[in-house]
Amino acid sequence: MSPQNIFVVTLGICLVNGLVSPMLGVLWVLHPVWMPEMLPMTNETVFYGASLMVSTATLLLSAIPAAIAERLGMPLERAMWLWPAAAGTLLLLGWR
């Protein structure tokens, strides 16, 4: 599988985590802090923003093991497989 395909799989896992993560409730309550006032404060926009933030955080946090492995000399293809594995782990740990 090419690195681009692995990245697409990783993005899919991160998007699912952004939709079902228990962290959505935390960000929902804190929406007056992070949501700009120029956007309407409807349920849809708050959910979309919170989901986007959780998805982005999952993508960034799951990239850390892959980056460390690549820095330590692991080939790119093998290091890229750590990225969806870490994202899947974050997805599963959210429901624990």
Notebook entry, point to check: Is M23 linked to I13 within one hydrophobic cluster, defined over Ile, Leu, Val, Met, Phe, Trp and Tyr using a side-chain heavy-atom separation of less than 4.5 Å?
Noted result: yes
Item checked: Summary of ring-ring contact (aromatic ring centres under 6.0 Å, His included) pairs that have at least one residue in residues 61-94, sequence neighbours excluded -> F7-W83
Notebook entry, point to check: Between CG of L61 and OG1 of T89, what distance do you get to the nearest 0.5 Å?
Noted result: 12.0 Å
Item checked: N5: side chain to side chain contact (heavy atoms under 4.5 Å, CB included) partners, not counting sequence neighbours -> M1, S2
Next item on the list: Kindly work out whether a path of hydrophobic side-chain contacts (I/L/V/M/F/W/Y, heavy atoms less than 4.5 Å apart) joins V33 to V29.
Entry: no
Notebook entry, point to check: Taking all atoms of both residues into account, what is the closest heavy-atom pair of A86 and S62, and its distance?
Noted result: CB-O, 3.5 Å
Extract all donor-acceptor atom pairs below 3.5 Å that involve side chains of residues 50-60 and protein atoms in other chains or at least two apart in sequence.
{"from": "S51", "atom 1": "OG", "to": "G18", "atom 2": "O", "distance (Å)": "3.0"}
{"from": "S55", "atom 1": "OG", "to": "C14", "atom 2": "O", "distance (Å)": "3.2"}
{"from": "S55", "atom 1": "OG", "to": "S51", "atom 2": "O", "distance (Å)": "2.9"}
{"from": "T56", "atom 1": "OG1", "to": "L52", "atom 2": "O", "distance (Å)": "2.8"}
{"from": "T58", "atom 1": "OG1", "to": "N17", "atom 2": "ND2", "distance (Å)": "2.7"}
{"from": "T58", "atom 1": "OG1", "to": "V54", "atom 2": "O", "distance (Å)": "2.8"}

Note to self: Let me check something: do L24 and L19 share a hydrophobic cluster, defined by ILVMFWY side-chain heavy atoms less than 4.5 Å apart, either directly or through other members?
What the structure shows: yes
Checklist line | By ring pair (Phe, Tyr, Trp, His ring centres under 6.0 Å) - contacts of Y48 (at least two apart) | finding: none
Check: Taking only residues two or more places apart in sequence or in another chain, which ones pass side chain to side chain contact (heavy atoms under 4.5 Å, CB included) with V16?
Finding: V20, L91
Checklist line | Hydrophobic cluster (4.5 angstrom, side-chain heavy atoms) - remaining members for L82 | finding: M74
Checklist line | With T45 via side-chain hydrogen bond (donor to acceptor under 3.5 Å, both in side chains) - residues at least two apart | finding: T42
Note to self: Going by the rule side chain to side chain contact (heavy atoms under 4.5 Å, CB included), which residues pair with V8 if we only count those two or more places apart in sequence or in a different chain?
What the structure shows: none
Margin query: Among residues at least two apart in sequence or on other chains, which ones pass side-chain hydrogen bond (donor to acceptor under 3.5 Å, both in side chains) with T10?
Written below: none
Check: Can you name the nearest heavy-atom pair linking V9 to P84, along with the distance?
Finding: CG1-CB, 4.3 Å
Item checked: Qualifying side-chain hydrogen bond (donor to acceptor under 3.5 Å, both in side chains) pairs with a residue from residues 22-38, counting only residues at least two apart or across chains -> none
Item checked: Which residues share a side chain to side chain contact (heavy atoms under 4.5 Å, CB included) with E77, sequence neighbours left out -> P3
